[in-house]
Amino acid sequence: NLCNISYAAKGNLSRDATYFEISPEGHVVRRAEFEVPYYTMLHDFSIAGDCIVIPVSPYSSDMSVLAQDRPHFYYDRALPSYLGVMRRDSDGSDMRWFKQEPGVCSCHVMNAFQEGSKVHLDTPVSKIGSLPFFPERDGTPFDPHLAMTELSRFTVDLMSNSDTVESIEKLGKAPGEFPRIDDRMAGKPYRHGWMITYDLAKPYNGPPGPFAGVINTLTHFDLATREEQSWWCGPNGSLQEPCFIPRSADAPEGDGWIVALVDDHVSNYSDLCIFDACDIAKGPIARAKLPVRLRQGLHGNWADAAKLAA
């Protein structure tokens, strides 16, 4: 099934949210409604076995923002962050919110999984809002150092009497965003992950722009050995979100390729680059030079022919 969330469907600043699943035939086969702790942006979520896991970061808004036509969300450091956990087959009444104070920011999820009564969520985390186009509520200038996102693991215990996050453990050294996995491992214990990471020591020759010269490196994280290996795309551009392609349907986890668009901001052309998924450091094993110019995007997905046929 295709797993989805929606939020604020009942009006401006409403706290309603819905989890629903759509079958390959296009029918809604599961649906659960619940409320978030405060109005916010539910930017991403994950499944963890029989549960869904939803991180809530301290992004919010109010009527004064809407009336003044300012950027819709602001980041409020006074708010806690939360991790919401409920069963996928529930009606939403079992949603449980685990609080984290002080609040931290999470945008995109790498994976989540269950381990006994504990639920783990892996995601890049920053101390403040990581999106510079959503300002601080009190007008504090954006601080790129505090906004640096590092791969981390939230852990909560469903058997605990406490509705607080048990721990946040840093998993990686290289800061970055747009985490991906071998999608066959979604919701399960896993070993391999990939992200676009930020090597701020590298030069950049292209024009200025949002994230220009920052999302310049592709990194493989081995969560079993805690080793990392990276490839820098060069001084003229940046990468778009990587995607994993298994070598075959029954290949071991991580056995396959990573595909990612590499944008050249000087020539304004892009290459579709293919990497050995577990040997990122050696660079692309193949490049397809695109004959058309693309605007720089951020997100990407891969679907094989069988999924497209469905």
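For the numbers below, each heavy atom of this structure counts, side chains included, while hydrogens, waters and symmetry mates do not.
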Legend entry - Audit row: D62, R137, salt bridge (Lys or Arg N to Asp or Glu O under 4.0 Å) steps and yes/no: CA-CA 10 Å; D62 57 52; R137 182 180 187 178; 3.8 Å; yes
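- Taking the six-membered ring where tryptophan is involved, the planes of H299 and H108 are perpendicular, since the angle between them exceeds 60° and thus also 30°.
- Using a cutoff of 4.0 Å between basic side-chain nitrogens and carboxylate oxygens, R180 and E241 are scored as salt-bridged.
- Within a 6.0 Å sphere centred on CZ of R295, other residues, nucleotides and ligands contribute 12 heavy atoms or fewer.
- Note on R87 versus D94: no salt bridge recorded, every NZ/NE/NH1/NH2 to OD/OE distance being 4.0 Å or above.
- A salt bridge is defined here as a Lys NZ or Arg NE, NH1 or NH2 lying under 4.0 Å from an Asp or Glu carboxylate O, and D122 with R153 meets this definition.
- Residues I128 and C105 form no side-chain contact, since every pair of their non-hydrogen atoms from C-beta on lies 4.5 Å or further apart.
- The environment of D69 atom CG is sparse: at most 12 non-hydrogen atoms of other residues, nucleotides or ligands sit within 6.0 angstrom.
- Residues D16 and K10 are not paired through a salt bridge, judged by the lack of any N-O separation under 4.0 Å between the basic side chain and the carboxylate.
- Look at D222 and R191 and you find a salt bridge, because one of the NZ, NE, NH1 or NH2 atoms lies within 4.0 Å of a carboxylate O, short of that distance.
- Aromatic pair F275/W231: centroids less than 6.0 angstrom apart.
- Salt-bridge formation is detected for the pair E21/R88: a Lys NZ or Arg NE/NH1/NH2 atom is positioned less than 4.0 Å from an Asp or Glu carboxylate oxygen.
- Two residues are said to be in side-chain contact when any heavy atoms from C-beta on lie closer than 4.5 Å; T18 and E33 meet this criterion.
- D163 and R96 are joined by a salt bridge, as a carboxylate oxygen and a charged side-chain nitrogen come within less than 4.0 angstrom of each other.
- When ring centroids are compared, Y7 and Y19 stay outside the 6.0 Å threshold.
- Of the possible donor and acceptor atoms, one in the side chain of W194 sits under 3.5 Å from a partner among the backbone N and O of A277.
- You'll find the side chain of V104 reaches within 4.5 Å of the side chain of I168, heavy atoms only.
- Side chain of T149 to main chain of G176: a donor-acceptor pair is present (N/O by atom type, distance under 3.5 Å, no hydrogens or angles).
- Residue-environment remark: CZ (R70) exceeds the threshold of 12 foreign heavy atoms within 6.0 Å.
- Distance OG1/T40 to CZ/R15: 11.5 Å, rounded to 0.5 Å.
- Ring pair H120/F154: centre-to-centre distance not below 6.0 Å.
- In this structure the side chain of L83 never reaches within 4.5 angstrom of the side chain of Q100, judged on heavy atoms.
- In summary, R247 and E253 do not engage in a salt bridge, as defined by a charged side-chain N under 4.0 Å from a carboxylate O.
- Aromatic ring orientation, Y59 versus F134: perpendicular (interplanar angle above 60°, classes split at 30° and 60°).
- When all heavy atoms of D263 and Q240 are compared, the pair lying nearest together is OD2-NE2, 2.9 Å.
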